Amino acid sequence: MSSQLKRELKWPEQATLAIEVCGVCNLRCPMCSYPRLKRKKGMMDFGLFTRIAEDAADNGHGIVSLHFFGEPLLWPHIVDGVALLSKFGMHPRLSTNGMLLTGDMARRLQDAGMKEIMVTIDTLRPEAYNIIRAGGDFETVRRNIHDAIAAAPDLLIRPQMMPTKHNEGETEEDFYNEFGRHRNFQVQPWFIHRMIEADNLTKDLFHKPGDVDKRLCDKPFERVDVLWDGTTVLCCLDAEGELVTGDLKKNSISYSWEGPKAMRLRRKILAGEWHDLPACRACMADHVVTDIAPTCWKKSDTLPPLPESYQRVYDRILELGEYDDEKGSWTNGGMKGC
């Protein structure tokens, strides 16, 4: 691929690199895809992680998330992994269910260079927690958050609040009353557009499949997600790993971002052919490109203007046309007017 194209398809400033260091979880949350995953589960080899970290450093990545569909603190190399990323000048962060986030673990992560941890506790009601976070122990997580705040003053602890009918009425202030106000503590509300019903948390979490025009989805244009075995996918909601863009055991992060597999998938989404992609067709999420108003989500609406960073990538995709595997180059068929 030409250096010109590489410059044009450079990572937007808000782009995320997410690494699933652990594809195993100790909880069975009903709104999560993990309990129903069909793909193989496992943990990332530290040698592969090192290869990815070196590649990320060479590409100038700043923030790296160490979670996908699994509990990252189950990974035996988590502290060493954080230290390696920090050594390369990156800022690691992760999301955890908090069961293993003891005060000692929080301090070790802080000392290794971890900047931010989100804890998915969601409620201060034990009975609600048992439904939302099946398999967890409310008192353990509550105590761990208190201990982490005290043990790691330079590590930002952010408890997540996901609205459900079981924690309805709880506010950020309730969390501050429980855990106190500290410079390393900040409540993270998760604003979604409908309350989550207990009888079917997955179904009621997002919109119905097909309600949202995936041409407006921002995920294919803002991130690369890495599964524990090195496979890269286009979207953080692709739980089964269907939207494959590369394999970091063989390819680089740049290939996963700007290679033919990623570009073909983006072109199909842009052309309105996302129904051909099972992961997109079944998706109920309402992620849309930054600054696009919710009134423009429906398929019947006219596509609104895109932010400049995304528009550059969109335009280049249309200009390139199809990728010829035999010739190893792009045709110039284009898809103008899509």
Side-chain angles (χ1 to χ4, degrees), residues 14 16 18 25 27 29-32 63 65-68 71-73 91-103 105-107 109-110 114-198 201-202 204-207 218 222 236-237 284-288 290-294:
Q14 65 268 45
T16 296
C25 192
L27 269 60
C29 306
M31 84 293 284
C32 180
I63 298 176
S65 298
L66 298 178
H67 56 268
F68 193 57
E71 170 50 50
L73 296 189
H91 301 286
R93 63 185 181 185
L94 61 80
S95 175
T96 174
N97 57 47
M99 289 292 292
L100 301 176
L101 187 63
T102 62
M105 174 58 76
R107 182 173 58 254
L109 289 171
Q110 170 196 264
M114 178 67 71
K115 302 299 182 183
E116 174 185 341
I117 291 181
M118 184 165 68
V119 186
T120 57
I121 184 172
D122 297 305
T123 179
L124 295 174
R125 302 170 186 170
E127 66 280 4
Y129 176 90
N130 291 337
I131 296 174
I132 302 170
R133 297 295 167 186
D137 181 78
F138 172 78
E139 185 56 35
T140 296
V141 177
R142 188 193 70 83
R143 183 179 63 251
N144 281 350
I145 293 176
H146 276 289
D147 291 346
I149 293 171
D154 294 322
L155 176 63
L156 179 61
I157 306 296
R158 304 178 70 179
Q160 175 186 282
M161 288 179 61
M162 181 177 62
T164 78
K165 72 177 185 180
H166 299 285
N167 62 2
E168 188 172 6
E170 288 187 89
T171 67
E172 297 175 48
E173 194 63 29
D174 295 326
F175 281 75
Y176 286 117
N177 288 337
E178 166 63 34
F179 297 108
R181 294 186 180 274
H182 311 273
R183 69 181 182 87
N184 66 328
F185 179 78
Q186 182 181 61
V187 182
Q188 175 65 39
W190 187 19
F191 297 108
I192 57 178
H193 299 281
R194 63 181 67 187
M195 300 294 284
I196 303 172
E197 301 295 332
L201 291 177
T202 303
D204 294 327
L205 177 56
F206 299 114
H207 294 270
D218 59 356
E222 71 164 15
C236 60
L237 295 176
M284 297 177 287
D286 55 11
H287 294 294
V288 293
T290 308
D291 298 332
I292 291 181

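Predicted model, so just to flag it, every value in this text is computed and none were measured.
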Enquirer: Decide yes or no on side chain to side chain contact (heavy atoms under 4.5 Å, CB included) for Thr96 and Met118, but give the supporting numbers first.
Expert: CA-CA 6 Å; Thr96 174; Met118 184 165 68; over 6 Å; no

Enquirer: CD/Gln186 to CD/Glu116 distance, rounded to the nearest 0.5 angstrom?
Expert: 8.0 Å

Enquirer: Who are the side-chain hydrogen bond (donor to acceptor under 3.5 Å, both in side chains) partners of Thr120, not counting sequence neighbours?
Expert: none

Enquirer: Under a 3.5 Å distance rule, please check whether Arg93 uses its side chain to pair with a backbone N or O of Met114 as donor and acceptor.
Expert: no

Enquirer: Ignoring hydrogens and geometry, is there a side-chain-to-backbone donor-acceptor pair from Asn144 to Gly103 under 3.5 Å?
Expert: no

Enquirer: Under 4.5 Å between any side-chain heavy atoms of Ile117 and Leu101, yes or no?
Expert: yes

Enquirer: Taking C-beta and beyond as the side chain, do Leu124 and Glu170 meet within less than 4.5 Å on heavy atoms?
Expert: yes

Enquirer: Could you tell me if the side chain of Val119 sits less than 4.5 Å from the side chain of Asn97, heavy atoms only?
Expert: no

Enquirer: Any non-hydrogen side-chain atom of Arg158 less than 4.5 Å from a side-chain atom of Val187?
Expert: no

Enquirer: Taking the six-membered ring for Trp, are Phe185 and Tyr176 parallel (under 30°), tilted (30 to 60°) or perpendicular (over 60°)?
Expert: perpendicular

Enquirer: Is there side-chain contact between Met161 and Glu172, with at least one heavy-atom pair below 4.5 Å?
Expert: yes

Enquirer: To the nearest 0.5 Å, how far apart are CG in Leu109 and CG in Asp154?
Expert: 13.5 Å

Enquirer: With a 4.0 Å cut-off, would you call Glu173 and Arg181 a salt bridge?
Expert: yes

Enquirer: Tyr129 vs Val141, test: side chain to side chain contact (heavy atoms under 4.5 Å, CB included). Steps then yes/no.
Expert: CA-CA 10 Å; Tyr129 176 90; Val141 177; 3.4 Å; yes

Enquirer: Within the distance-only criterion (no hydrogens, no angle test), does the side chain of Asp147 pair as donor or acceptor with the backbone N or O of Thr102 below 3.5 angstrom?
Expert: no

Enquirer: Roughly how far, to the nearest 0.5 Å, is CZ of Phe179 from CD1 of Ile149?
Expert: 6.5 Å

Enquirer: Quick one: CG on Leu27 to SG on Cys32, what's the gap to the nearest 0.5 Å?
Expert: 9.5 Å

Enquirer: So how far is it from Thr123 OG1 to Phe138 CZ, rounded to the nearest 0.5 Å?
Expert: 6.5 Å

Enquirer: Going through the checks in order, is the side chain to side chain contact (heavy atoms under 4.5 Å, CB included) test met by His146 and Glu178?
Expert: CA-CA 9 Å; His146 276 289; Glu178 166 63 34; 2.7 Å; yes

Enquirer: Do Glu139 and Pro126 make a side-chain contact, defined as non-hydrogen atoms from C-beta onward lying under 4.5 Å apart?
Expert: no

Enquirer: Restricting to non-hydrogen atoms, name the atom on Leu66 and the atom on Pro92 that form the minimum distance, rounded to 0.1 Å.
Expert: CD1-CB, 4.3 Å

Enquirer: Could you tell me whether a side-chain N or O of Asn130 sits under 3.5 Å from a main-chain N or O of Glu127, the two making a donor and an acceptor?
Expert: no

Enquirer: Main chain of His67, side chain of Ser65: is a donor-acceptor contact present, judged purely on distance under 3.5 Å?
Expert: no

Enquirer: Quick one, Ile121 and Phe175 - any side-chain contact, counting heavy atoms below 4.5 Å?
Expert: yes

Enquirer: Atom CZ in Arg133, atom SG in Cys29: separation rounded to 0.5 Å?
Expert: 4.0 Å

Enquirer: In chain order, what residues pass the side-chain contact (heavy atoms from CB on, under 4.5 Å) check against Ala152, with sequence neighbours excluded?
Expert: Ala106, Gln110, Leu155

